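Comments concern the structure below.
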Amino acid sequence: NFEIKFYGVIIAIGVLVILGVLLIALEGRARVKAGGSFFAKPGRFFAENYDKFKFWGCIVLMIVYFFFLDKLGFTFWSMICLYLFNTLFANKAQLKSAKYHVISVIISVVACFIISIVFGTLFAITLPSGLFTIEIPSLGFILY
């Protein structure tokens, strides 16, 4: 079992290295095509007027998500956080629309149930369980 996990880590690292090299090559090629050098100093990391509220909102929401994930359970907490992410990226008109919120709730619930069922039941991958985990042993079903 350790050997399988070790090879999985090696494969993942290999894929990341290949993607990194590809990213550097494509970016360098684009710089050369634009008349610059292959390893030119990159520009600003953030765009000039990036949306600070959305950026820092995502960072905070991700930290809170990971903190409460094992306390509340994957499915329930992911539904709430996915809805909050949808709300964070909504524009003012969408925030005022009840239809937008209903659709966002439906997307959050359906997506999280599907992910929980596919990974937790079909693939037998243990997801973080918590306060809202539902287990039905007679059916061999766990909703994390």
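On a predicted model such as this, the values are computed, not experimentally measured, just so you know.
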**Message:** For residues M62 and F76: do they belong to one hydrophobic cluster (side chain heavy atoms under 4.5 Å, members Ile, Leu, Val, Met, Phe, Trp, Tyr)?
**Reply:** yes
**Complete:** Note: L88 and G57 closest approach over all heavy atoms is CD2-C, 3.8 Å
**Item:** From OG (S129) to CG (L72), nearest 0.5 Å
**Value:** 11.5 Å
**Item:** Spacing of L23 atom CG and I18 atom CD1 [to the nearest 0.5 Å]
**Value:** 13.5 Å
**Nearest-0.5 Å distance, CG of residue N86 to SG of residue C81** = 11.5 Å
**Fill in**
Scanning both residues in full, the closest heavy-atom pair of Y83 with S108 reads N-OG, 3.2 Å
**Pairwise side-chain contact, R31 with F38, heavy-atom cut-off 4.5 Å (strictly under)** = no
**Message:** Same cluster or not: L61 versus F68, using hydrophobic residues (I, L, V, M, F, W, Y) connected whenever any side-chain heavy atoms lie under 4.5 Å apart?
**Reply:** yes
**Request:** Quick one: closest heavy-atom pair of A90 and L95, and the distance?
**Result:** CB-CD2, 3.8 Å
**Request:** Working to the nearest 0.5 Å, report the span between CH2 of W77 and CD1 of I80.
**Result:** 5.5 Å
**Complete:** Minimal heavy-atom distance between T75 and S116, with the atoms involved, is OG1-OG, 2.8 Å
**Asked** Are the side chain of E27 and the backbone N or O of I24 linked by a donor-acceptor pair below 3.5 Å?
**Response** no
**Asked** When clusters are formed by joining ILVMFWY residues with side-chain heavy atoms under 4.5 Å apart, either directly or through shared neighbours, do V102 and F113 land in the same one?
**Response** yes
**Asked** Do V32 and F39 belong together in a cluster built from hydrophobic side chains that touch within less than 4.5 Å?
**Response** yes
**Prompt:** Given the rule in the side-chain contact (heavy atoms from CB on, under 4.5 Å) test, do M79 and V105 qualify, once you have shown the distances and angles that lead to the verdict?
**Reply:** CA-CA 8 Å; M79 281 186 235; V105 166; over 6 Å; no
**Asked** Can V9 and I13 be said to form a side-chain contact (heavy atoms from CB on, under 4.5 Å), step by step?
**Response** CA-CA 6 Å; V9 169; I13 290 171; 3.8 Å; yes
**Whether K71 side chain and F67 backbone form a donor-acceptor pair below 3.5 Å** = yes
**Message:** With a 4.5 Å cut-off on side-chain heavy atoms, are I115 and F74 touching?
**Reply:** yes
**Message:** Within this structure, what is the CG-CZ distance for the pair D51 and F89, rounded to the nearest 0.5 Å?
**Reply:** 8.0 Å
**Item:** Joint cluster assignment, I117 & L82, ILVMFWY side-chain distance < 4.5 Å
**Value:** no
**Asked** OG of S78 to CZ of F85: how many Å apart, nearest 0.5 Å?
**Response** 10.0 Å
**Fill in**
Nearest heavy-atom contact between H101 and Q94 is NE2-O, 4.0 Å
